[in-house]
Amino acid sequence: QIFFMVIVLKDTLEKRGALGQIKARIRAEVFNVLDDQSEPRPPLSHENLLINELIREYLEYNKYKYAASVLTAESGQPEVPLDRQFLAKELNIVEDANGKSVPLLYGILSHFLHGGKEESTQNTLPKVSLLNDPKQNLGKPPTERNQK
């Protein structure tokens with residue numbers, strides 16, 4: 001009977017999406033225990049700092065908080081995220097109002113999916129039209145994405 005209860009509990013946790021979160025949390029905690037703080041990390045290059053921040057913004061937006069915490073701990077990224085306006089300025093990105101509601105990576109992806117064909121006199125990303133297309137899932141939180 002205990003075996004049956006374990007199976008029902010596991011199925012219930014899976015259906016609620018909690019089992020994946022629990023597994024991710026355990027992995028993050030194991031990583032923190034195993035992480036050797038005595039061995040100094042190499043300094044982050046400017047490029048890696050920006051790339052890590054783009055990834056962290058994406059992870060946090062999609063509620064992958066344990067993956068984001070492991071990235072921060074493992075990479076040596078500062079605990080406090082970089083200011084988004086600073087990040088956009090460093091990357092020469094000019095955002096429209098729609099683009100500000102999603103991670104910068106979505107706008108970058110949209111730009112390259114459209115082949116950079118937008119008319120522009122500056123180094124700007126497009127008005128994130130791909131993100132506004134109801135047929136697309138990009139730019140929507142996981143809870144709002146179409147189930148297939």
> For Pro103 and Arg84, which heavy atoms make the closest approach, and how far apart are they?
Replying inline: CA-NH1, 3.8 Å
> Is there a side-chain contact between Leu82 and Arg56 (heavy atoms, below 4.5 Å)?
Replying inline: no
> Does Asn62 reach the main-chain N or O of Tyr64 with its side chain, forming a donor-acceptor pair under 3.5 Å?
Replying inline: no
>> Please identify which of these residues, Asn48, Leu49, Leu71, meets the side chain to side chain contact (heavy atoms under 4.5 Å, CB included) condition with Gln77.
In response: Leu49
> How long is the gap from CZ on Arg16 to CG on Asp11, to the nearest 0.5 Å?
Replying inline: 12.0 Å
> So, does Glu53 use its side chain to make a donor-acceptor pair with the main chain of Leu87 at under 3.5 Å?
Replying inline: no
>> Checking the side chain of Ser110 only, and the main-chain atoms of Tyr106 only, is there a donor and an acceptor separated by less than 3.5 Å?
In response: no
> Looking only at atom types and distance, does a side-chain atom of His111 sit under 3.5 Å from a main-chain N or O of Gly107, one as donor and one as acceptor?
Replying inline: no
> Going from NZ on Lys15 to OG1 on Thr12, what distance comes out if it is rounded to the nearest 0.5 angstrom?
Replying inline: 6.5 Å
> If you round to the nearest 0.5 Å, how far is OH of Tyr58 from CG of Leu109?
Replying inline: 10.0 Å
> Would the number of heavy atoms belonging to other residues, nucleotides or ligands and lying under 6.0 Å from CD of Glu14 be above 12?
Replying inline: yes
>> Quick check: closest heavy atoms across Leu44 and Ser75, and the distance to 0.1 Å?
In response: CD2-O, 3.7 Å
> Hey, quick one: are Tyr61 and Tyr66 part of the same hydrophobic cluster, counting side-chain heavy atoms closer than 4.5 Å, chains of contacts allowed?
Replying inline: no
> How many angstroms lie between atom CG of Leu54 and atom CG of Leu91, to the nearest 0.5 angstrom?
Replying inline: 5.5 Å
> Any idea which heavy atoms bring Glu95 and Leu104 closest together, and the distance?
Replying inline: OE2-CD2, 3.3 Å
> Are the side chains of Glu57 and Leu105 in touch, meaning some heavy atoms are under 4.5 Å apart?
Replying inline: no
